[in-house]
K.L.:
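Dropping the structure in here first, questions after.
Only heavy atoms go into these numbers, but all of them, side chains included; no hydrogens, no water, no symmetry mates.
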Amino acid sequence: MKPNTDVTAIRRAEFPILQRSINGKPLVYLDNAATSQKPLSVIRALTDYYSYHHANVHRGTHSLSQEATDAFEQTRKATRDFIHAAQECEIIYTSGTTEGINLVAHGMSGSLQNGDEILLSLLEHHSNIVPWQLLAERIGALIRVIPINAKGELSVRDYEKLLSNRTKIVAVNHVSNALGTVNPVKELIRLAHGVGAKVLIDGAQAVPHIQVDVQDLDADFYAFSAHKMYGPTGLGILYGKERWLNEMPPYQSGGEMIDQVRFEKTSFAPLPFKFEAGTPHIAAVIAFRTALDFMRDVGMEVIREQEDMLLHYAAEQLAALPGMQIWGTAAQKASVLSFNLKGAHPFDVGSILDKMGIAVRTGHHCAQPLMKHYGIPGTVRASFAFYNTLDEVDALVAGIKRAREMLC
Ligand SMILES: *Cc1c(COP(=O)(O)O)cnc(C)c1O
């Protein structure tokens with residue numbers, strides 16, 4: 001467990017927010033699964049764009065607009081490379097994972113019938129439940145739920161039993177935001193394709209932590225958010241196989257997404273523009289490229305190693321404390337530690353930690369069905385980024401001990 005000097009240097013140089021004090025204590029930011037902090041390079045890319053390069057994209061013949069459009073499209077290329085998509089037109093800019101899933105749920109509605117089935121898992125975020133429920137209600141389709149085992153892992157055997165030729169869509173997360181379980185999505189996708197179902201992967205918690213290759217996974221759709229991977233808020237990416245995206249109707253309509261508009265009939269722009277109505281979040285898109293470069297420069301291996309080290313150290317320390325309940329002990333885990341202090345409400349634990357400068361998330365983590373399954377109101381969740389330190393884990397442990405003295 002040697003501290004990586006490079007990481008320490010990057011933390012100091014790129015994340016001024018991590019030098020802040022909160023409630024008179026050094027900030028210990030352990031809420032990275034909600035959103036990561038932004039490196040100065042990304043912040044500079046935003047101000048640089050607004051200061052010197054701002055113009056609307058895809059419209060002007062003037063040079064400034066061309067410049068903005070070029071930078072906007074460069075990010076698409078960089079994103080394609082980052083997740084190894086086959087083509088740039090398969091990368092759709094959205095406002096976030098939530099919008100990406102809604103876009104697909106909307107677009108798939110024409111290919112479902114009464115009695116068809118949509119498979120979700122017990123681990124899903126509300127964003128990957130509610131859009132499918134609304135779709136199912138509209139169509140008379142059924143939602144079926146893949147159960148989990150005692151460690152918080154999806155039961156592949158039960159999944160296989162649920163799959164049938166009625167299954168039209170499987171929508172599961174790659175990494176659970178509530179437990180950190182890394183799901184065997186490649187296997188899940190292969191099995192779904194065996195019955196002719198399409199698969200949407202909610203990758204919001206995966207892309208920040210592990211190298212994702214959408215072609216290797218053979219995912220039909222893969223959605224994620226820039227703000228959880230060192231990029232700006234208000235931007236997400238939806239990857240979809242070209243063929244499926246071409247078959248789907250537009251989601252929103254208006255400017256940018258049309259080819260020709262007549263009052264009798266409008267024809268739509270080709271991919272990806274068919275799904276990008278209106279003026280997009282240009283600044284976020286352009287700065288997102290810098291976020292991708294940042295992750296490349298740090299290195300996905302370093303990110304993964306560092307986060308694994310923090311996670312294992314924290315899991316060990318917490319498990320040794322009396323009165324701890326740890327939720328989710330999957331063999332494959334990423335970056336998330338969910339726990340409760342027996343006899344204490346998670347909110348109270350979170351409030352005491354906050355007084356000590358420690359930022360964690362408390363509550364149901366947008367995964368109420370999972371909390372109901374465990375019969376708890378919620379958990380305390382510490383989630384790590386590569387820039388966190390072992391000292392910060394020690395601060396968390398000290399904070400939990402303090403909370404126990406006060407609450408239990
Ligand atoms: C954060 C998150 C979402 C929602 O992402 P938004 O950026 O809020 O749209 C969906 N699924 C998972 C697993 C998440 O962690």
K.L.:
In this structure, are over 12 heavy atoms from other groups packed under 6.0 Å from Gln325 atom CD?
P.N.:
yes
K.L.:
How many angstroms lie between atom CD1 of Ile258 and atom OG of Ser253, to the nearest 0.5 angstrom?
P.N.:
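Rounded to the nearest 0.5 Å, the CD1-OG separation comes to 11.0 Å.
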K.L.:
Which heavy atom of Gly240 sits nearest to which heavy atom of Phe221, and what is that distance?
P.N.:
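Minimum heavy-atom contact is CA-CD2, 3.8 Å.
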K.L.:
Can you pull the ring-ring contact (aromatic ring centres under 6.0 Å, His included) pairs that have at least one residue in residues 346-365, sequence neighbours excluded?
P.N.:
His126-His364
K.L.:
Kindly indicate, with the supporting measurements, whether the criterion side chain to side chain contact (heavy atoms under 4.5 Å, CB included) is fulfilled by Leu396 and Val28.
P.N.:
CA-CA 8 Å; Leu396 172 69; Val28 174; 5.7 Å; no
K.L.:
Give the intermediate values and the outcome of side chain to side chain contact (heavy atoms under 4.5 Å, CB included) for residues Arg381 and Asn177.
P.N.:
CA-CA 9 Å; Arg381 181 186 71 186; Asn177 66 300; 3.7 Å; yes
K.L.:
Less than 3.5 Å apart, any donor N or O on the side chain of Gln66 or Thr69 sitting next to an acceptor on the other?
P.N.:
no
K.L.:
Provide the closest heavy-atom pair for Glu73 versus Arg76 in the form atom of the first, atom of the second, distance.
P.N.:
OE1-NE, 2.8 Å
K.L.:
Indicate yes or no: at least one non-hydrogen side-chain atom of Pro322 is less than 4.5 angstrom from one of Arg404.
P.N.:
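A side-chain contact under 4.5 Å exists here.
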K.L.:
Would you call Arg11 and Leu18 a side-chain contact if the rule is heavy atoms closer than 4.5 Å?
P.N.:
yes
K.L.:
Look up atom CD in Gln37 and atom CD1 in Ile43, then write down how far apart they are to the nearest 0.5 Å.
P.N.:
8.5 Å
K.L.:
Taking Asn23 for its side chain and Asp354 for its backbone only, find out whether a donor-acceptor pair lies under 3.5 Å.
P.N.:
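A pair under 3.5 Å: yes.
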K.L.:
Can you name the closest pair of heavy atoms from Val42 and Gly231 and give their distance?
P.N.:
CG1-CA, 4.4 Å
K.L.:
Mind running side chain to side chain contact (heavy atoms under 4.5 Å, CB included) on Lys168 and Ser111 for me, showing each step along the way?
P.N.:
CA-CA 8 Å; Lys168 290 296 173 306; Ser111 48; over 6 Å; no
K.L.:
Enumerate donor-acceptor pairs with a distance under 3.5 Å from any side-chain N or O in residues 178-202 to protein atoms, sequence neighbours excluded.
P.N.:
| unit_1 | atom_1 | unit_2 | atom_2 | d |
| --- | --- | --- | --- | --- |
| Thr181 | OG1 | Gly152 | O | 2.7 |
| Asn183 | ND2 | Asn173 | O | 2.9 |
| Asn183 | ND2 | Asn173 | OD1 | 2.8 |
| Lys186 | NZ | Asp216 | OD1 | 3.0 |
| Glu187 | OE1 | Arg190 | NH2 | 3.2 |
| His193 | ND1 | Asp218 | OD2 | 3.2 |
| His193 | NE2 | Asp220 | OD2 | 2.7 |
| Asp202 | OD1 | Ala204 | N | 3.1 |

K.L.:
Might you point out which heavy atoms bring Asp31 and Ser383 nearest each other, and give the distance in Å?
P.N.:
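Heavy-atom minimum between the residues: C-OG, 3.4 Å.
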K.L.:
Can you measure from CD1 (Ile146) to CG (Leu154) and round to the nearest 0.5 angstrom?
P.N.:
5.5 Å
K.L.:
Would the distance check show the side chain of Thr379 and the main-chain N or O of Asn340 forming a donor-acceptor pair, the cut-off being under 3.5 Å?
P.N.:
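Not confirmed, Thr379 side chain does not pair with Asn340 backbone.
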K.L.:
Parallel, tilted or perpendicular for Trp327 and Tyr374, by the 30°/60° rule?
P.N.:
tilted
K.L.:
When you compare the side chain of Glu301 with that of Arg304, does any pair of heavy atoms fall below 4.5 Å?
P.N.:
no
K.L.:
Would you check if Tyr29 and Ile22 make a side-chain contact, meaning some heavy-atom pair closer than 4.5 Å?
P.N.:
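Tyr29 vs Ile22: side chains apart.
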K.L.:
Between Leu238 and Ala223, what is the shortest heavy-atom contact and its length?
P.N.:
CD1-CB, 4.1 Å
K.L.:
Please check if atom CD in Glu242 has more than 12 non-hydrogen atoms from other residues, nucleotides or ligands closer than 6.0 Å.
P.N.:
yes
K.L.:
Does Tyr387 form a side chain to side chain donor-acceptor pair (under 3.5 Å) with Asn32? I'd like the steps, not just the answer.
P.N.:
CA-CA 10 Å; Tyr387 49 55; Asn32 295 285; 2.5 Å; yes
K.L.:
Hey, does Met257 have a side-chain heavy atom less than 4.5 Å from the side chain of Tyr251?
P.N.:
no
K.L.:
Any sub-3.5 Å donor-acceptor pair from Tyr239's side-chain atoms to His84's backbone N or O?
P.N.:
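Answer holds: no.
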K.L.:
With a 4.0 Å cut-off, would you call Asp308 and Lys333 a salt bridge?
P.N.:
no
K.L.:
Is Glu153 reaching over with its side chain to a backbone N or O of Ala331, donor-acceptor style, under 3.5 angstrom?
P.N.:
yes
K.L.:
From Phe275 CZ over to Cys89 SG, what is the distance, rounded to the nearest 0.5 angstrom?
P.N.:
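Output value for this atom pair is 11.0 Å.
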K.L.:
For Glu14 and Ser41, indicate whether the former's side chain and the latter's backbone hold a donor-acceptor pair under 3.5 Å.
P.N.:
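Looks like yes, one N/O pair under 3.5 Å.
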K.L.:
For Glu276 and Glu256, indicate whether the former's side chain and the latter's backbone hold a donor-acceptor pair under 3.5 Å.
P.N.:
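Checked: no pair found.
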K.L.:
Which atom names give the shortest non-hydrogen contact between His53 and Ala68, and what distance separates them?
P.N.:
O-CB, 3.8 Å
K.L.:
Does the pair Arg402 and Glu405 meet the rule for a salt bridge (Lys or Arg N to Asp or Glu O under 4.0 Å), with working shown?
P.N.:
CA-CA 5 Å; Arg402 179 104 182 88; Glu405 283 160 16; 3.7 Å; yes
K.L.:
Report yes if some heavy atom in the side chain of Val172 is under 4.5 Å from a heavy atom in the side chain of Glu124; otherwise report no.
P.N.:
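In contact.
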K.L.:
Regarding Arg166 and Glu117, does a basic nitrogen lie under 4.0 Å from an acidic carboxylate oxygen?
P.N.:
yes
K.L.:
Output a table of donor-acceptor pairs, distance under 3.5 Å, between side-chain atoms of residues 281-299 and any protein atom two or more places apart or on a different chain; print 'none' if there are none.
P.N.:
| unit_1 | atom_1 | unit_2 | atom_2 | d |
| --- | --- | --- | --- | --- |
| His281 | ND1 | Ala284 | N | 3.4 |

K.L.:
Given 3.5 Å as the limit, does a donor-acceptor pair link the side chain of Asn388 with the main chain of Ala385, or not?
P.N.:
yes
K.L.:
Report the distance from atom CD1 of Ile92 to atom CG of Leu103, rounding to the nearest 0.5 Å.
P.N.:
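The CD1 atom of Ile92 sits 7.5 Å away from the CG atom of Leu103.
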K.L.:
I'd like to check His174 versus Leu217 (side-chain heavy atoms, cut-off strictly below 4.5 Å). Are they in contact?
P.N.:
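Touching, per the 4.5 Å side-chain cut-off.
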K.L.:
Go through Lys25 and Lys355 one step at a time and tell me if the side chain to side chain contact (heavy atoms under 4.5 Å, CB included) criterion holds.
P.N.:
CA-CA 8 Å; Lys25 300 277 167 36; Lys355 296 250 160 38; over 6 Å; no
K.L.:
Do Ser225 side-chain atoms and Gly96 backbone N/O form a donor-acceptor pair below 3.5 Å?
P.N.:
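Here the side-chain-to-backbone pair does not exist.
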K.L.:
Report yes if the side chains of Ile10 and Phe386 come closer than 4.5 Å at any heavy-atom pair, otherwise no.
P.N.:
yes
K.L.:
Using modelled atom types only, decide if a donor and an acceptor are shared between the side chain of Thr362 and the backbone of Val380 within a distance under 3.5 Å.
P.N.:
no
K.L.:
Starting at NZ of Lys228, measure out to OG1 of Thr97 and round the result to the nearest 0.5 Å.
P.N.:
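Those atoms lie 6.0 Å apart.
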K.L.:
Return yes if some donor-acceptor pair links the side-chain N/O of Glu392 with the main-chain N/O of Thr389 below 3.5 Å, else return no.
P.N.:
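Checked: pair present.
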